Amino acid sequence: MPELPEVETVCRGLDKAITRKTLARLELRRKGLRFPFPRGLAQRCAQQRITAIRRRAKYILIHLASGDVLIAHLGMSGRMVIVDRDEKHTPEKHDHVIFHLMDGSCVVFNDARRFGVLDIAAEKDLAQSRHFAHLGPEPLDTDFSPAYLTQKLADKKTAIKIAIMDQAVVVGVGNIYAAEALFEAKIDPTRAASTLKPAEIKKLWAAIRHVLEKAIAAGGSSIRDYVQSDGELGYFQHQWAVYDKEGEKCRGCTCPLPKTGGIKRITQGGRSTFYCAARQK
DNA sequence: AGTGTCGCCTGAATGC
DNA sequence: TGCATTCAGGCGACAC
């Protein structure tokens with residue numbers, strides 16, 4: 001379930017592994033993922049030097065010397081795997097795209113559920129592209145501020161958890177970090193967004209940034225060069241406070257468990273929400 | 001315009 | 001044991 005920290009960690013791993021290298025060819029092993037691959041995708045990548053790896057929201061951006069940018073999204077189940085020696089790699093099930101590099105290594109994009117994306121656009125058109133045009137600010141940038149969040153949440157009737165997962169409000173916050181941030185801020189995820197008081201908005205703003213920064217740091221520190229021993233990028237052990245912990249104690253729990261029943265699980269927008277009803281108000 | 005629901009897709013977990 | 005059903009979820013499409 002890659003959210004912003006996982007994607008950031010994948011980007012850092014890719015940066016170490018392939019920036020300044022040259023793509024020999026892009027091997028497309030099917031016609032598309034969530035969307036059909038654009039016409040001419042492979043041709044636009046062939047023999048192109050990779051100048052930089054960046055991230056916008058949950059998208060991986062692979063900048064090419066031509067001025068084109070490869071746009072990759074991992075969706076739900078997408079993984080990037082670095083293989084040192086191309087000839088050692090036998091494509092497995094769901095290895096849909098392989099980036100073959102001139103130095104004999106390759107990067108494998110595997111995505112069982114095919115919710116992922118691979119697209120290409122000229123760098124100058126990136127901000128206006130269909131993937132990015134509607135996106136809100138990066139949560140770790142200065143334009144994401146308590147004042148900004150206050151303005152975006154005003155008059156919103158939707159639940160606060162749904163609101164912070166809205167990419168037009170702020171990008172990168174998925175189901176897991178939304179739950180974790182609301183727990184840290186001690187806010188009930190079902191509250192209408194517009195009912196949050198200024199002090200609560202400030203706490204939530206800080207919590208969103210804090211849980212994301214902590215997770216990025218964990219990804220960086222737990223894995224050498226962001227690459228696991230099997231070459232996979234970006235995933236690491238997490239210690240959730242509430243996510244996927246239905247019925248358990250929350251982090252730092254002093255709640256009377258027999259009475260509260262522990263962490264609750266409800267459904268919002270068709271998605272599971274985990275929270276501590278005793279501590280989140 | 002804002003808000004809510006659906007469906008894409010497959011593997012793991014669960015149910016009978 | 002094995003088959004069927006449910007669930008996971010990012011996010012675009014669509015309905016209201």
Side-chain angles (χ1 to χ4, degrees), chain A residues 1-11 29-38 55-61 71-81 91-97 108-119 121 128-139 149 151-182 189-196 208 211-212 215 232 234-235 238 240 242-247 263-275:
Chain A
M1 289 156 265
E3 296 183 31
L4 186 147
E6 290 77 21
V7 177
E8 177 64 27
T9 306
V10 170
C11 285
R29 299 173 52 80
R30 56 178 301 120
K31 289 182 188 307
L33 294 171
R34 181 172 168 77
F35 306 108
F37 296 133
R55 178 189 58 74
R56 169 72 172 119
K58 297 172 193 167
Y59 290 89
I60 299 160
L61 304 177
I71 301 162
H73 194 295
L74 299 174
M76 252 301 292
S77 55
R79 299 182 293 137
M80 293 283 185
V81 180
E92 292 166 26
K93 203 174 178 185
H94 310 308
D95 284 354
H96 302 311
V97 179
V108 179
F109 186 178
N110 179 292
D111 184 12
R113 290 174 213 178
R114 304 209 299 271
F115 282 15
V117 170
L118 187 65
D119 200 357
Q128 285 74 46
S129 85
R130 65 166 166 162
H131 305 294
F132 303 114
H134 63 284
L135 294 184
E138 289 285 330
L149 192 56
Q151 171 244 313
K152 290 301 269 192
L153 298 183
D155 307 327
K156 258 201 194 302
K157 295 188 182 89
T158 194
I160 185 60
K161 191 238 187 180
I162 305 287
I164 59 172
M165 287 177 65
D166 182 345
Q167 301 294 290
V169 172
V170 61
V171 303
V173 180
N175 202 41
I176 295 172
Y177 292 103
E180 295 293 304
L182 285 161
T190 64
R191 280 178 58 190
S194 61
T195 66
L196 268 67
I208 288 169
V211 297
L212 295 175
E232 182 168 342
Y235 293 82
H238 296 93
W240 310 126
V242 289
Y243 180 77
D244 205 21
K245 294 195 177 289
E246 182 180 12
I263 291 164
K264 281 196 184 341
R265 173 200 181 121
I266 59 170
T267 299
Q268 292 182 288
R271 227 126 273 166
S272 287
T273 297
F274 299 88
Y275 73 110

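Because the structure is predicted, anything quoted here is derived from the model rather than measured.
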Rounded to whole Å, CZ of A/R79 lies from P of B/dG11 at a distance of 11 Å

Among side-chain atoms of A/D111 and A/H94, is any donor-acceptor pair under 3.5 angstrom? no

With a 3.5 Å distance limit and no angle check, can you tell me whether A/E180 reaches the backbone of A/N175 through a side-chain donor-acceptor pair? no

Test item: A/S272 side-chain N/O and A/T267 main-chain N/O as donor-acceptor pair under 3.5 Å: no

Round to the nearest Å and state the distance from A/K58 atom NZ to C/dG9 atom P. 11 Å

Please list, for nucleotides 12-16 of chain C, all pairs of protein and nucleotide N/O atoms separated by less than 3.5 Å.
from, atom 1, to, atom 2, distance (Å)
C/dG12, OP2, A/H134, NE2, 3.3
C/dG12, O4', A/R34, NH2, 2.8

Is A/R271 touching bases, backbone alone, or none of the nucleic acid, heavy atoms closer than 4.0 Å? base

Look at all strands and tell whether A/D111 reaches a base, only sugar-phosphate, or nothing, counting heavy atoms closer than 4.0 Å. nothing

To the nearest Å, how far apart are A/E6 CD and C/dG10 P? 10 Å

If you check every side-chain atom of A/Y243, which of B/dC9, C/dG9, B/dG4 has the closest atom? C/dG9

B/dG11, OP1 or OP2 - any side-chain N/O from A/K93 closer than 4.0 Å? yes

Quick check: on DNA chain B, is the nucleotide nearest A/L33 upstream (toward 5') of the one nearest A/G270, or the reverse? Name the residue that is more 5'. A/G270

So, A/F115 and C/dC11: ring centres less than 5.5 Å apart, planes less than 30° off, yes or no? no

Verify the contact: side-chain N or O of A/Q167 to OP1 or OP2 of C/dC11, cut-off strictly under 4.0 Å; return yes or no. yes

Does A/R113 reach the main-chain N or O of A/F115 with its side chain, forming a donor-acceptor pair under 3.5 Å? no

Has A/H134 got a side-chain atom pairing as donor or acceptor with A/A168's backbone, closer than 3.5 angstrom? no

Would you say A/T158 places a side-chain N or O within less than 4.0 Å of OP1 or OP2 belonging to B/dG4? yes

Is A/R29 close enough and on-axis enough to A/F109, meaning under 6.0 Å and within 45°, for cation-pi? no

Where does the angle between the aromatic ring planes of A/Y59 and A/H131 fall among parallel (under 30°), tilted (30 to 60°) and perpendicular (over 60°)? tilted

Could you give the CZ-to-P distance, from A/R114 to B/dT10, as a whole number of Å? 4 Å

For B/dT3, does either OP1 or OP2 sit under 4.0 Å from a side-chain N or O belonging to A/K156? yes

Round to a whole Å and report the spacing from CD1 of A/I162 to C1' of B/dG4. 9 Å

Here the distance between atom P of C/dC7 and atom CG of A/D244, to the nearest Å, is 15 Å

